[in-house]
Protein chains: 2
Amino acid sequence: MIADQDIAGAAHAGNAGANAGHLRTVYTFGGGVAHDDPRTRDKTITGGKGANLAEMATIGLPVPPGFTITTEESVRYLQEGADFSAELRAAVAEALTHIERTVGKSFGDPGDPLLVSVRSGARVSMPGMMDTVLNLGLNDETVQGLAATSGDERFAWDSYRRFVQMYSDVVLGLDHGLFEEALEFAKEENGYYADTEMSAEDWRTLVAEYTAIVEREQGAPFPQDVYEQLWGAIAAVFDSWDSDRAKVYRRLNDIPGGWGTAVNVQAMVFGNMGETSATGVAFTRDPATGEKVYYGEYLVNAQGEDVVAGIRTPQYLTRAAREAAGAEPASMEEALPAAYQELAAVFDLLERHYRDMQDIEFTVQQGKLWMLQTRSGKRTAKAALKMAVDMVAEGLIDEREAVLRVDPMALDQLLHPTLDPTAPRDVMTRGLPASPGAASGRIVLDADTAESWSARGEKVILVRVETSPEDIHGMHAAQGVLTARGGMTSHAAVVARGMGRPCVSGASAVSIDLKARTLHIAGRDLAEGDTITLDGARGEVIAGQVPTIEPQLDGDFGILMEWADRHRRLKVRTNAETPVDCRMARQFGAEGIGLCRTEHMFFDTGRISAVRQMILAEDEAGRRAALEKLLPEQRADFTAIFTTMAGLPCTIRLLDPPLHEFMPHGEAEFADLAETIGVSPDHLRRRANELHEFNPMLGHRGCRLGITYPEIYEMQARAIFEAACDVTAQGGDPVVPEVMIPLVATRRELAILRKLVDETAAQVFAEKERTLDYLVGTMIELPRAALMAGEIAEEARFFSFGTNDLTQTVLGVSRDDAARFLSVYVEKGIYPRDPFVSLDIEGVGQMIALAAERGRAARPDLKLGICGEHGGDPASIAFCAALGLDYVSASPYRVPIARLAAAQAALRG
Amino acid sequence: MIADQDIAGAAHAGNAGANAGHLRTVYTFGGGVAHDDPRTRDKTITGGKGANLAEMATIGLPVPPGFTITTEESVRYLQEGADFSAELRAAVAEALTHIERTVGKSFGDPGDPLLVSVRSGARVSMPGMMDTVLNLGLNDETVQGLAATSGDERFAWDSYRRFVQMYSDVVLGLDHGLFEEALEFAKEENGYYADTEMSAEDWRTLVAEYTAIVEREQGAPFPQDVYEQLWGAIAAVFDSWDSDRAKVYRRLNDIPGGWGTAVNVQAMVFGNMGETSATGVAFTRDPATGEKVYYGEYLVNAQGEDVVAGIRTPQYLTRAAREAAGAEPASMEEALPAAYQELAAVFDLLERHYRDMQDIEFTVQQGKLWMLQTRSGKRTAKAALKMAVDMVAEGLIDEREAVLRVDPMALDQLLHPTLDPTAPRDVMTRGLPASPGAASGRIVLDADTAESWSARGEKVILVRVETSPEDIHGMHAAQGVLTARGGMTSHAAVVARGMGRPCVSGASAVSIDLKARTLHIAGRDLAEGDTITLDGARGEVIAGQVPTIEPQLDGDFGILMEWADRHRRLKVRTNAETPVDCRMARQFGAEGIGLCRTEHMFFDTGRISAVRQMILAEDEAGRRAALEKLLPEQRADFTAIFTTMAGLPCTIRLLDPPLHEFMPHGEAEFADLAETIGVSPDHLRRRANELHEFNPMLGHRGCRLGITYPEIYEMQARAIFEAACDVTAQGGDPVVPEVMIPLVATRRELAILRKLVDETAAQVFAEKERTLDYLVGTMIELPRAALMAGEIAEEARFFSFGTNDLTQTVLGVSRDDAARFLSVYVEKGIYPRDPFVSLDIEGVGQMIALAAERGRAARPDLKLGICGEHGGDPASIAFCAALGLDYVSASPYRVPIARLAAAQAALRG
């Protein structure tokens, strides 16, 4: 075990800012302090970064001493109008003394100055927040002291220029381009290519230019008072919690605004003190594959931000990784073997301590290792799966923990198609395989374009030099992301992995002309709008569109799913209406069909004209004639589905949408149809006009069609029962058809239509001389149905909550029209998330709970399920589990997600 | 008092069909039987007609003996598949014996046959039911006996032919045209003009032809067995309960299908036994004006159906009425003075007994008066008012009873405009003033045309030779009804009065050519589609359209309203947005504005282009520029309204509809607007397209506009508060503006917008140096708002239930699209009434009750009201009263209806 015995300083009373009756506002860590207060290691109080720094210090790892201002203080600061309390000022002063004592330097001491880093640290890692100010405490005087004590003048002035630039950017809010421009100009003037060519004198000259820029831009000199610097940085962290970017990120990630952020102030250690110094980031296992190998990048003679920012291309951590990549620059294992061995020991200790893969930041200062951060590392779905299964085998965690470890939504990545390996690929260039998966789409060159093209239904690939938090909405809208710069831990890579989007980063052969909206990829000319394909697993950038194949799931997936199935109580069905989908869903573990939308079958080109003939018929006889043609087709559909789903229950929803949806659209279609069915195009258009509705969502649809044109539902019921009899006659396992009547609002609607279905079943059974089990039930998708659930349950054997329509009617929001205001609504916190993606539990959930309760009171064996998009959303599934529903139904690809989410709900609940 | 001492026969045990443990299926009346069972006089058991016959017999009036089969038997018969129970057969046989004993004749006796009438009699009078078969018991043998005992062969054969024709029509279902044709042919052959010229022999020949027609048409001879005749007629009454016409009537009148109908079988008395015989119908007061004068019609030597059917034009009952009309034929008072005096005494007795105006049928057989029916008479609203007020003065009823006596909906008739008496009238002809009121519209010649033209927004007048129950839907759709035949008590007259439609009946100068779709009115040629005007109070048929004037309400109205106001607890406000409407509503007693829809003001031609400019603006600045133009206009609107409503609360709803509603429609409008605001028509069309919504009802409207474009609501709030300050500054009674935020679904929406309104109010008050009371509240019109009412109430000072939208969302039915299925839904009993007309109490009512409870729990002084169409519907008002709401809001003309309905609700419980 590694002790922080090198850190001098007496143990003292513990934490600063402790007043009787008050909760502490500041907690110190490192330097051998005793952490008696559990709030020290509580992420909700000291943030993720602060809590883990305290934790690492406690278990004896080498952590530079520092202190954390609590999240509560940031909330108070923002609420009370950007003012620091006297109590906080006193506590910070006391905590600063703790650092000074520990490292034996004084803050602002011109002779031997203490430098600190200031970092934000919310409960969860959050792009969009002010990240870091390093080297704080430098000014025109202390820089001299740093030069003297380090014996390295160039280091001291390089540190100062870094500080001025960073502080000006993140604290003073000046345009960082101004500073980069000045640096580029200085290098050009001197004929340098790399920063490393800059001498101490060059840096000193540049610092003078930097401070002149600051004075010009903000009308005040760069702050020389180190305390002013410190409070400025603390204020900037606090303020960044309310920045637009942070708000967008919180909205996309369901992070409450009330959490606030902590501030971590820590003694600087330096990775840029020559060739025995370095800085790096690492994962204790491979975050892309999950393999149990150390994984990471480092840079010699650099500070932390150099690695993450992707400005210099980092080197590998291990020799094996370097060799596998065929790279030249020495790995850390080779270049700094002692520090590497110490680091490897830390990796093992941290994994045993946290029982999870860790994402680590470290610095080596002149051969000495310092830990700057640890946290549970983000990972691909594949890696999450493998790690969860491996860690059970290693005895680190148990099955239940493993099931809880994998984010159900992350499975999405594993379940989607990858590129067909046999298809020809016109690979234009390669970058880093930053996030797995494959996607094709049209090139877009900025986030706004990505969003607007995507909103109109285009699949797009966002191509950027590098991404920043401002690009998040564009990444969200895109199918995949390609960047010209940045490594595996660059912003683009981390965010894309989190979103499950394929990403190729650091593809340096890509250059972009934003004005001309064109780009060059390895010598080829392309323009915004051209189609490309990304293979995120291989880092390939491919011209045009490449065909995809179904995902091959490995054993870890099966093992985890088996564990999940052992614990879940909710059944998982699928929404499917084709044999292909049904087969896919069965492979994914679907336990039946929860929603077969029969109208999808009506759109088939072979039968749409019979459907249109039915709609156009002037009377029942005309409709019956057209329905006669549709009967064998529908029967064949159901036969195929029942064969595929043999032995499982299948919920078939009778025709639901307004009839006008089936009408032709263009002039040509009208003319064609008119000829086909022998009426005039004028007649057709008149009829289409008659069928038009102002609010089709609330119009003549669902069971209202069944009530007014019973012959339609009669045909569908006949097709269902004939198919079920035929499949059984051929020796297949019998399915249990569950005939579902949509859009019911009253008991009587269901009574009338149930009678129709029962009578049709009886007729078919008599004709086929066979009897089968079947159920008749209803969707609960209108508030009135939920309210009357007690009565309706007397006619229904099952309820399926149609949460799409129920959300529309309970909230009074049309899904098709919500785009215009729903994003504003989520931004303003009116709804925490898009209620069509994640169930509005407070409102819609209340209706569901009420209906479930009333329905079960009337019929204790009532089967309850949920269909609609929410059936594949983990938060909504957790709600369904808590309510004791019998099943959820999701689209085939979401079935595994639902299985896992259901297991997690059971384990948590 | 008149006793039925002329009716012979021993008093016997009481009622037939009495078995221990069974409720009786048949009740006898007349002939001095003791009515010990209260079910005898219970309309729900013996129907309206049967119960009143029993009642009249009990109080000693001359009622021909008979019996009533209960309503329960008809329900049983229809449910059990058209089969009579043995018990019923036995009870009928026993009851028939009662009649035979009483009148001393035997049913089917060839020598001296008992003849009976068979009539339906549901709980309420119901057109569409089988009405009557008279003279039942006649066959080829008994007709001889009747001829012998009456000494009048012509009478006997006339009765027989009437019976064959009536029975064939209503029981056997044969086309009555066949019989009329045969009669016409017989008269023509004999050179006769009137039926009275037909001799006994002529009738005998016609009977032979009639029975031949029956045998040819139904393939079986006319039934000679009198018991077969009787059971056939009973079955026909039972079956007629389920006829389509009866169902339509029940639907229109909210009569449950489960009530069933009773059957009344009664000894015949004959108004057609010569010049001392007569038959008539009468009201104890004038049903049109309410005056306390006997009112009625009679025909000498006729049977009942001759008066009602309108085939012969009847004579007046009283001399005064005859003289006032300048008519020649003797009144009953003059022609049959003794019977008339007896009748007048009966009138007085019945009014004292029933404490209400009675509608009576009677027959005089050879000088002897017989009562065949009494019931509370239908009346015009004016008459209902006058009678209610008069009867209080007469001491018949008290104030409370008077308030309960007037159907609130009937007030509609009194409150609508009448024809301007100073306007020129081109009176084409006159008919009977069958139902008061005035209306203009285009002529339609059948009910279906009336319905379809009306559905597309045309005002129509239904013109028919005479109306029948098949025409009811057309009468409903029409503004008024004109018939060429029929009297004041004809079908057209009775139904039109009930509906509050003006009607001119018996306008014999009207002749119709249905094939050519033309008509002649007193020599003028008109065609379907031409506009005419009816003055129902004068019986005038006027060419073209005549201007109307506001109704003048007389003292009775004021008196009754004062009584109503004394008893009601609910306040009544109005929905109004113009000073004219506001003044009207105040005159009608409105106690404030419950809903001022500000969007109506936006459609004004003077400002629509500023509104459009606002919508088209690309950004907030552009919108603000346009809103600047609208501000003074809106302020002027509110100033006018607040001045008119001084001293009363005014609820102003901020902008609600989707913005695209304000966009231009045709090409010309687009071009005009483009020029006005200086953009291209293409730009305009593109923007209109962008604004288009798939389901605008659930789209970007209501508070969603306020959230996304706060400047709109800010302008409106400013206009409200500036106007309120200005009106108060000018010394007017201050109004209390109640600013209402529409379409709220979450607490946060209201919190954000309430803050906006409060801030605007504070600004205006500071500028105007004045502070006013005002409230901010919300519509509850979404299910989510109802569910979250507890939270929302913390931000709201009042809730106004927007029942139109709430009905749409709770039921999932768009009001604009419901026509296609809602009538089928009401026919099938899925909804008892159109839920947009009368609140769906079971479903929507449940949501309202829940919201009221949760809202009041959170804020005990929360003000609760209802706006929307239901605020003027008595059943919905009763629900609001039961729930303890504070007010209802209705359109100005409905304010008195609401006042009266609120009083009735309070009085009933």
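Nothing here was measured: the structure is a model prediction, and the numbers come from that model. Computation of the quantities below employed the complete heavy-atom set of this structure, encompassing side-chain atoms and omitting hydrogens, waters and symmetry-equivalent molecules. Convention: sequence-line order gives letters A, B, ...; per-chain numbering from 1.
With hydrogens and angles disregarded, a donor-acceptor distance shorter than 3.5 Å links the side chain of A/Asn695 to the backbone of B/Met697. With A/Arg748 contributing its side chain and B/Lys828 its backbone, the two residues share a donor-acceptor pair below 3.5 Å.
The number of heavy-atom neighbours closer than 6.0 Å to CD of B/Glu794, taken from other residues, nucleotides and ligands shown, is above 12. The local environment of CZ in A/Phe694 is sparse, with at most 12 non-hydrogen atoms from other residues, nucleotides or ligands closer than 6.0 Å.
Separating the CD atom in A/Gln846 from the CZ atom in B/Arg784 is a distance of 8.5 Å, to the nearest 0.5 Å.
When each of A/Pro696, A/Ala786, A/Ala745, A/Pro658 is checked for heavy-atom pairs under 4.5 Å with chain B, A/Pro696 comes out on top. Of the residues considered (A/Leu782, A/Leu787, A/Thr708), A/Leu787 shows the highest number of contacts with chain B, using heavy-atom pairs under 4.5 Å. Interface remark: of the candidates A/Arg704, A/His700, A/Glu693, A/Arg747, A/Arg704 forms the most heavy-atom pairs closer than 4.5 Å to chain B. By number of non-hydrogen pairs under 4.5 angstrom with chain B, the leading residue of A/Leu705, A/Thr809, A/Val810 is A/Val810. For the set A/Ile752, A/Leu743, A/Asp840, the entry with the most heavy-atom pairs within less than 4.5 Å of chain B is A/Asp840. For the options A/Leu850, A/Leu691, A/Val844, heavy-atom pairs under 4.5 Å to chain B are most numerous at A/Leu691.
Looking at B/Glu842, the atoms closer than 4.5 Å to chain A (heavy atoms on both sides) sit in the backbone and in the side chain alike.
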Are A/Phe821 and B/Ile707 close enough, and set up right, to give a side-chain contact (heavy atoms from CB on, under 4.5 Å), and what steps lead you there? CA-CA 8 Å; A/Phe821 56 89; B/Ile707 293 286; over 6 Å; no

Take A/Leu698 and B/Val813 through the test side-chain contact (heavy atoms from CB on, under 4.5 Å) and record every step on the way to the result. CA-CA 5 Å; A/Leu698 306 178; B/Val813 172; 5.6 Å; no

